[in-house]
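Residue numbers count from 1 along this sequence.
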Amino acid sequence: MTNGNLSVHLTMPEDTNYILISKTFEGKTRTYVTATPTGLASFNNYLHTLRLLLKPLTNNQTSSLN
């Protein structure tokens, strides 16, 4: 991924306060990305929702094996 692509992909989560971005120069430019508490809460909510959506599928597969 190019630096330009990375920058574009990180704009929306940074604008919505999901991540913090810091850049340093260590022989070359380094970009560090940290999830914010808001970002972590949103990601955990996303995972919870996925689990709820997938649970009926898991239960159906288990019952069809018996």
Side-chain angles (χ1 to χ4, degrees):
M1 175 171 286
T2 67
N3 292 339
N5 286 344
L6 179 62
S7 178
V8 169
H9 285 289
L10 294 177
T11 298
M12 192 280 294
E14 183 180 32
D15 289 347
T16 55
N17 194 34
Y18 285 0
I19 61 171
L20 295 174
I21 298 174
S22 61
K23 294 186 180 198
T24 63
F25 187 79
E26 301 167 12
K28 64 180 184 175
T29 302
R30 303 266 185 194
T31 301
Y32 294 93
V33 180
T34 305
T36 65
T38 300
L40 288 173
S42 179
F43 184 68
N44 285 329
N45 186 49
Y46 169 76
L47 290 177
H48 176 73
T49 303
L50 279 178
R51 287 184 184 112
L52 290 175
L53 290 170
L54 295 174
K55 189 172 182 175
L57 297 175
T58 304
N59 289 341
N60 286 342
Q61 288 177 351
T62 303
S63 63
S64 67
L65 295 176
N66 293 332

(Q) Holding to side-chain contact (heavy atoms from CB on, under 4.5 Å), I want the full list of residues that pass it with Thr49, two or more places apart in sequence or in another chain. (A)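 Per chain and number, Thr49 pairs via side-chain contact (heavy atoms from CB on, under 4.5 Å) with Asn45, Leu53.
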
**Q.** By side-chain contact (heavy atoms from CB on, under 4.5 Å) - contacts of His9 (at least two apart)
**A.**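 By the side-chain contact (heavy atoms from CB on, under 4.5 Å) rule, His9 matches Met1, Asn5.
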
Starting from [X] and following side-chain heavy-atom contacts under 4.5 Å between hydrophobic residues (I, L, V, M, F, W, Y), which residues can be reached?
X     : result
Tyr32 : none
Tyr46 : Phe43, Leu47, Leu50
Leu40 : none

Q. Are Val8 and Leu6 connected in a single hydrophobic cluster, I mean Ile/Leu/Val/Met/Phe/Trp/Tyr linked by side-chain heavy atoms less than 4.5 Å apart?
A.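 Leu6 and Val8: separate clusters.
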
Q. With sequence neighbours excluded, what pairs up with Arg30 under the salt bridge (charged side-chain N to carboxylate O under 4.0 Å, His left out) test?
A.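 Salt bridge (charged side-chain N to carboxylate O under 4.0 Å, His left out) list for Arg30, sorted by chain: Glu26.
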
Please tabulate, for side-chain N and O atoms in residues 12-22, each donor-acceptor pair with protein atoms closer than 3.5 Å (sequence neighbours left out).
| unit_1 | atom_1 | unit_2 | atom_2 | d |
| --- | --- | --- | --- | --- |
| Thr16 | OG1 | Met12 | O | 3.0 |
| Thr16 | OG1 | Pro13 | O | 3.2 |
| Tyr18 | OH | Ser42 | OG | 3.4 |

